[in-house]
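First up is the structure itself, then whatever we jot down about it.
Each chain gets a letter, A, B and so on, in the order its sequence line appears, and its residues count up from 1. Note: hydrogens, waters and symmetry copies are ignored here, and every other heavy atom, side chains too, is used. Everything quoted here is computed from the prediction, not taken from an experiment.
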There are 2 protein chains.
Amino acid sequence: MPADHGIASDLKRSDLARLTGCNLETIRYYEGVGLMPDPPRSPAGHRRYGSAHVERLGFIMRARELGFTMKEIRGLLSMVDRGSHTCAEVEKRGRHHLDVVRAKIRDLQDIEAILADTIAKCSGSDTPECPLLTVLSDAAARSSNEVQTESYPSAATVAPGR
Amino acid sequence: MPADHGIASDLKRSDLARLTGCNLETIRYYEGVGLMPDPPRSPAGHRRYGSAHVERLGFIMRARELGFTMKEIRGLLSMVDRGSHTCAEVEKRGRHHLDVVRAKIRDLQDIEAILADTIAKCSGSDTPECPLLTVLSDAAARSSNEVQTESYPSAATVAPGR
DNA sequence: CCTTGATCCTGTAGTTGCTACAGATCCTAT
DNA sequence: ATAGGATCTGTAGCAACTACAGGATCAAGG
């Protein structure tokens, strides 16, 4: 096998985009908000990237795929940049993010249950009466065992105006 | 107990907000984007709402809670406004939204699995080595049975620059 | 060598769904 | 009458990008 001819460099912005799967414009955006460093420029002012940039942007993209917010990614990166990170601290942040992800899953599962239950009652016919519209129109139809504590005397029609 | 004196009216914007749980400013926003009708005004120009507005905003709020986008809500409302809705059509839209919700749940569950698996390997100690950082730094660590089809020769360090 | 088309540059506006502010007017209670 | 809330308008900000306009530059073909 031939010898490696050294660290790659001289990548254009489009190369970096292609290698990382990141949108071209987003690279500039990340530079603007300080997630990516200002790269060296060619004499004509074109950005020139190296493998270090590929690594860093790859890190950002994978964190994004895992749903980390920009703030969290920024925190992780600055820890690593400073070399002040420990597994314990990274794990702590990861666990916090996991909690957030699990909370979102629970919220969506609640929504899923209501939607599925309601839709199951739909007739699929041409009548205007619809269980889903009823649920959307009437708070009481949602949680039938919970009494509305404060509401206005109900009017005749749903979604009036026009 | 005194008799009900008819359909309510002359609600102020703050009243509507309180009755529906909607943010005060959001009401004006919904009016601006055409989700809520322009209400009648008092001589001095203050918005005056009635029970029909309470109903409509309640509809919007409940659709929001179920994760419908503004576009979907707009579609549902305009159907109902026109009186052209059928249970079949509403059900169709509801099922589509349910599909979207379920897809989101699956995405989040994938994320949850990767996070949980990775964090489980963390030592929680003071070392800088961390399985979670490894996963974020190295694409190969994510899907270990999938060969990277296109990537750059890897450099020494993760998250360089500084 | 020169042209042509692709790519790069900058700054700025649009997206979704709100939320919050500034500065002016108005209402309500004492 | 006056003090304090509440309302009015327009506009700016948030996350996290994405897309465009108008110009400069590069790379390949003739």
Side-chain angles (χ1 to χ4, degrees), chain A residues 9-36 38-50 53 56-57 59-77 97 100-101 104 107-108 111, chain B residues 9-36 38-50 53 56-77 97 100-101 104 107 111:
Chain A
S9 199
D10 278 339
L11 299 169
K12 287 171 289 185
R13 189 149 63 101
S14 59
D15 296 326
L16 184 58
R18 186 172 37 78
L19 288 171
T20 57
C22 186
N23 179 291
L24 189 72
E25 300 279 11
T26 304
I27 293 173
R28 201 158 59 96
Y29 169 73
Y30 285 160
E31 183 184 318
V33 299
L35 275 180
M36 290 291 289
D38 292 9
R41 302 288 184 122
S42 76
H46 289 196
R47 293 169 177 82
R48 295 301 169 206
Y49 295 101
H53 297 100
R56 190 184 183 90
L57 186 51
F59 184 102
I60 295 170
M61 294 300 284
R62 283 182 287 275
R64 240 177 65 174
E65 281 167 23
L66 291 179
F68 284 95
T69 64
M70 284 300 105
K71 198 178 166 192
E72 289 170 320
I73 295 174
R74 197 184 291 273
L76 287 172
L77 280 173
H97 180 55
V100 172
V101 168
K104 279 186 189 162
D107 284 351
L108 285 172
I111 290 173
Chain B
S9 200
D10 279 341
L11 300 169
K12 286 171 288 184
R13 189 149 62 101
S14 59
D15 295 326
L16 184 58
R18 188 173 35 79
L19 287 172
T20 58
C22 186
N23 179 290
L24 188 71
E25 301 279 12
T26 304
I27 294 173
R28 200 159 59 95
Y29 168 74
Y30 285 160
E31 183 184 320
V33 298
L35 276 179
M36 291 289 290
D38 292 10
R41 303 289 185 123
S42 77
H46 289 197
R47 292 167 178 83
R48 294 300 170 210
Y49 296 101
H53 297 100
R56 191 185 183 88
L57 187 50
F59 184 100
I60 295 170
M61 296 299 283
R62 285 181 286 276
R64 243 177 61 176
E65 282 167 23
L66 291 180
F68 284 95
T69 63
M70 284 302 104
K71 197 179 165 190
E72 289 170 322
I73 296 174
R74 195 184 293 272
L76 287 172
L77 281 172
H97 180 55
V100 171
V101 169
K104 277 187 190 163
D107 284 352
I111 290 173

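If you take CG of B:Asp10 and P of C:dT28, they are 11 Å apart, rounded to a whole angstrom. For the pair A:Arg13 CZ and D:dA19 P, the interatomic distance rounds to 13 Å; values are reported in whole Å. Rounded to a whole Å, the CG atom of A:Leu24 is 9 Å from the C1' atom of C:dT7. Look at CG on B:Leu11: it is 16 Å from P on D:dA6, rounded to the nearest Å. The NZ atom of A:Lys12 sits 14 Å away from the C1' atom of C:dC9 (whole-angstrom rounding). Straight-line distance from the CZ atom of A:Arg74 to the P atom of D:dC17: 11 Å, rounded to whole Å.
Using modelled atom types, one side-chain atom of B:Asp15 and one backbone atom of B:Lys12 make a donor-acceptor pair closer than 3.5 Å. A:Arg74 contributes a side-chain N or O that, together with a main-chain N or O of A:Val33, makes up a donor-acceptor pair within less than 3.5 Å. Judged purely by atom type and a 3.5 angstrom limit, A:His97 uses its side chain to pair as donor or acceptor with the backbone of A:Leu66. With B:Arg56 contributing its side chain and B:Leu35 its backbone, the two residues share a donor-acceptor pair below 3.5 Å.
Nearest-nucleotide positions on DNA chain C place A:Ser14 closer to the 5' end than the other of B:Ala44 and A:Ser14.
In this structure, A:Arg48 does not reach the C:dC8 phosphate: none of its side-chain N or O atoms is under 4.0 Å from OP1 or OP2. Within the 4.0 Å cut-off from OP1 or OP2 of D:dT25, not a single side-chain nitrogen or oxygen of A:Ser42 is found.
To the nearest 0.5 Å, atoms OH (A:Tyr49) and CD1 (A:Ile27) are separated by 5.5 Å. With rounding to the nearest 0.5 Å, the separation of CG in A:Leu57 from CZ in A:Arg62 is 9.0 Å.
As judged by a 4.0 angstrom heavy-atom cut-off over every strand, B:Arg41 is placed among residues touching the sugar-phosphate backbone only.
The side chain of A:His46 has D:dC26 as its nearest neighbour among D:dT7, C:dC26, D:dC26.
Salt bridge status for B:Arg28 with B:Glu25: present, with a side-chain N to carboxylate O gap under 4.0 Å.
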Per-nucleotide protein contact string for nucleotides 13-24 of chain C, where B marks a base within reach and S marks sugar-phosphate only (heavy atoms under 4.0 Å, - for neither) | ----BBBBB---

